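Reckoned from all heavy atoms, side chains included, excluding hydrogens, waters and symmetry mates. This is a predicted model, so every value here is computed, not measured. Below, chains carry the letters A, B, ... as their sequence lines are ordered, and counting in each starts from 1.
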Number of protein chains: 2
Amino acid sequence: MPTSSRFAIAVHMLTLMARTDEECIKSEDIARSVNTNAVVIRRLMCALSEAELLVSQTGPCGGSKLARAPQAITLLDIYRAVEGGSLFALHRQKPNRHCTVGRNIESVLEEVQAQMDEAVEGVLETITLEKVLQTVDPKASRRKRKTYA
Amino acid sequence: MPTSSRFAIAVHMLTLMARTDEECIKSEDIARSVNTNAVVIRRLMCALSEAELLVSQTGPCGGSKLARAPQAITLLDIYRAVEGGSLFALHRQKPNRHCTVGRNIESVLEEVQAQMDEAVEGVLETITLEKVLQTVDPKASRRKRKTYA
DNA sequence: CGATCTGTAACTATCGTAGTTACAGATCGA
DNA sequence: TCGATCTGTAACTACGATAGTTACAGATCG
C-alpha cells in the first residue's frame, strides 16, 4: 500500500464541493483549504473526473462540482478513483522456485490480499460523502438537504 | 501505509520455520528461499524476535525457530510485528484551520482509518501460520502434526 | 480579444524500502 | 582457549513513489 495522502485530500476536496453544490469551486480555493499546491488538486481532479465523481469546466467562472448527489457517492468510489493498488506488497524478487515454500507462498498471500481488500471495501462502501459532510459541517448539510429535496 | 514487502517476507520466513520446527534455520538459507539478502532477513528476525514470534541463537548451529506452535501464531501477530502504521496517510500539511472543512476533516478521516484497521485485523487474526503451511506444503503440515501432538 | 480557468509536462526535493559491505559480539566444538 | 560460525547492527547506496513547483497550451466566457 502506497504512502499517499491522495485519498485524504480527495475526500477533503469532494466534501468542499458537497457543501456548495451547483456552484463551481476553483482549484486555487481548494488548495487553500487543503493547504497545498493547486496543481496537486488539479491532478486529483482529473482522476475524480475520470471516475465521474465530479465535473470540471475551464475558463472564467470555471472550476469543479460534484457529478451527483453526495448521498450517491461513497468513500469506496473515492478510494478506487485515486488509490490504485493493494494494501501490502508481495515479494519484489520472485521467491526461489526450487523451494516448496517459495513456489507456493505467493498465491497464498494473494488470497490474503483479496480478503483484506474485500474487508476494507466493505467499510468504505457504507460511508457516503453526505455522512462525511454531516460530521464535518452539520449546518451546511442541513442547508443542502433542501436543495436536493 | 508504506509500500513494503516486509509482511510478505515475514510470513515466508515463519512458514519456513513452521515446516522444520525445533531445527534452527540460518538467515542465509532463508534468504536463498526468499531470494534476497541475508541482512534483510536478519532485520526482520529482530522485529519478529521482539514480538516473541521466534527465537534466535548466535554461534555455530545457530539460527532461528518459532517461539510457539504455528497454530498459536496468526497473520495479525506477524502484521503487527513488522508493519507499523495505518492503511492510508492523512494530510501531510495540516489543513487550513480557517475553513470549517479543513478544521474538521482530519478527525473524520481518523475514524475511517480506525474502521479500516479493525476490518483488516479481523481478517488477519483468523488466519494462522498453520493454515498457511497447510496450503503451501500439505505434506510437511501433516508431518508436523505428529510432532506437536 | 483578453482574462480566467483547467489540463499537463517537466523538473526537483524528500522519504521509505531494501540491497550491500563490514564488523562487533555471542556461541559452540575441538 | 582458539577459531569457525552464527546473529545483530551500522553505514552507505540505489531506486521508486509522492508531491511541491514552474511553466504553458488549450478551453471558455464576457
Side-chain angles (χ1 to χ4, degrees), chain A residues 1-10 12-13 17 23-32 34-51 53-65 67 82-96, chain B residues 1-10 12-13 17 23-32 34-51 53-65 67 82-96:
Chain A
M1 127 194 81
T3 318
S4 102
S5 57
R6 279 198 294 270
F7 176 64
I9 297 180
H12 188 151
M13 290 171 61
M17 294 177 202
E23 221 171 309
C24 278
I25 311 187
K26 291 180 290 181
S27 60
E28 293 285 351
D29 295 335
I30 298 177
R32 206 167 298 122
V34 173
N35 193 21
T36 185
N37 192 286
V39 174
V40 173
I41 300 300
R42 279 181 230 145
R43 280 200 278 247
L44 287 172
M45 272 172 46
C46 287
L48 295 168
S49 171
E50 278 174 25
L53 299 179
L54 58 78
V55 287
S56 296
Q57 205 174 13
T58 62
C61 302
S64 308
K65 59 180 181 179
V82 300
E83 208 83 49
S86 209
L87 297 174
F88 65 92
L90 295 184
H91 299 58
R92 294 188 166 184
Q93 327 281 350
K94 289 293 163 199
N96 192 336
Chain B
M1 127 189 87
T3 317
S4 99
S5 56
R6 279 198 294 268
F7 177 65
I9 297 180
H12 188 150
M13 289 170 62
M17 294 177 202
E23 221 171 310
C24 278
I25 311 186
K26 292 180 290 181
S27 60
E28 293 285 351
D29 295 335
I30 299 177
R32 206 166 298 122
V34 173
N35 194 20
T36 185
N37 192 286
V39 174
V40 173
I41 301 300
R42 281 183 230 143
R43 281 200 277 248
L44 286 172
M45 272 171 46
C46 288
L48 295 168
S49 171
E50 279 174 25
L53 299 180
L54 58 77
V55 287
S56 296
Q57 204 173 14
T58 62
C61 302
S64 309
K65 60 179 181 179
V82 300
E83 209 84 48
S86 208
L87 296 173
F88 66 91
L90 296 183
H91 299 58
R92 294 187 167 186
Q93 327 282 350
K94 290 292 161 196
N96 193 334

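Among the atoms of the strands shown, none is found under 4.0 Å from any heavy atom of Ser64(B). Among the atoms of the strands shown, only primed sugar atoms or phosphate atoms (P, OP1, OP2) are found under 4.0 Å from some heavy atom of Gln93(A).
Annotation: the span from Leu53(B) atom CG to Glu50(B) atom CD amounts to 11.0 Å, rounded to 0.5 Å. In this structure, the separation between CG on Leu54(A) and SG on Cys24(A) is 10.0 Å, given to the nearest 0.5 Å. From Ile9(B), atom CD1 reaches atom OG of Ser4(B) across 8.0 Å, with rounding to the nearest 0.5 Å. Residue Phe88(A) holds its CZ atom at 6.5 Å from OG of Ser86(A), rounded to the nearest 0.5 Å.
Computed from coordinates, the Phe88(B) CZ to dT18(D) P distance equals 15 Å when rounded to whole Å. Atoms CD1 (Ile41(A)) and P (dG20(D)) sit 9 Å apart, rounded to a whole Å. With rounding to whole Å, Leu90(A) atom CG is found 16 Å from dT17(C) atom P. Atom pair Leu44(B):CG and dG16(C):C1' shows a separation of 14 Å (rounding to whole Å applied). A straight line from NE2 of His91(B) to P of dT18(D) spans 17 Å, rounded to a whole angstrom. In this structure, the CD1 atom of Ile30(B) is 12 Å from the C1' atom of dC6(D), given to the nearest Å. In this structure, CZ of Arg6(A) is placed 5 Å from P of dT18(D), rounded to the nearest angstrom. Rounded to a whole Å, the NZ atom of Lys94(B) is 15 Å from the P atom of dA19(D).
Side-chain atoms of Ile25(A) and Met13(A), non-hydrogen and from C-beta on, never get closer than 4.5 Å to each other.
Ring orientation note: the planes of His12(A) and His91(B) are tilted relative to one another, at an angle of 30° to 60°.
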Cut-off 3.5 Å, no hydrogens considered: what does the side-chain donor-acceptor table look like for residues 56-64 of chain A, sequence neighbours left out?
{"unit_1": "Ser56(A)", "atom_1": "OG", "unit_2": "Ser64(A)", "atom_2": "OG", "d": "3.1"}

When the side chains of residues 37-46 of chain A are checked against the rest of the protein, which donor-acceptor pairs come out under 3.5 Å, sequence neighbours left out?
{"unit_1": "Asn37(A)", "atom_1": "OD1", "unit_2": "Val39(A)", "atom_2": "N", "d": "2.9"}
{"unit_1": "Arg42(A)", "atom_1": "NE", "unit_2": "Ser27(A)", "atom_2": "OG", "d": "3.1"}

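The two residues Val82(B) and Leu48(B) make their nearest non-hydrogen contact at CG1-CD2, 3.8 Å. The minimum heavy-atom distance linking Arg6(B) with Glu83(B) is given by the pair CB-OE1, 4.1 Å.
Consecutive Watson-Crick or G-U pairs involving DNA chain D, each under 3.5 Å on both distances, make up stems of three or more pairs at C:1-30 with D:1-30.
Nearest to the side chain of Lys26(B), among dG7(C), dT7(D), dT21(C), sits dT7(D). The side chain of Ser27(A) sits closest to dT6(C) out of dT7(D), dT6(C), dA18(C). Closest approach to the Cys46(B) side chain among dG20(D), dG8(D), dT21(C) is made by dG8(D) (side chain taken as heavy atoms from C-beta onward).
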Taking N or O atoms only and anything under 3.5 Å, show me the protein contacts with nucleotides 11-14 of chain D, one pair per line.
{"unit_1": "dA11(D)", "atom_1": "N6", "unit_2": "Arg43(B)", "atom_2": "NH1", "d": "3.3"}

List every contact pair, protein side and nucleotides 12-15 of chain C side both N or O, where the distance is under 3.5 Å.
none

Anything under 3.5 Å between a protein N or O and an N or O of nucleotides 24-28 of chain D, put it in a table, one pair a line.
{"unit_1": "dT28(D)", "atom_1": "O4'", "unit_2": "Thr58(A)", "atom_2": "OG1", "d": "3.4"}

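With DNA chain D read from its 5' end, the first of the two nearest nucleotides for Glu50(B) and Asn37(A) is the one closest to Glu50(B).
Residue Ser5(A) places at least one side-chain N or O under 4.0 Å from the OP1 or OP2 atom of dA19(D).
Side-chain contact check for Gln93(A) and Thr36(B): no donor-acceptor pair (N or O, by modelled atom type) lies under 3.5 Å.
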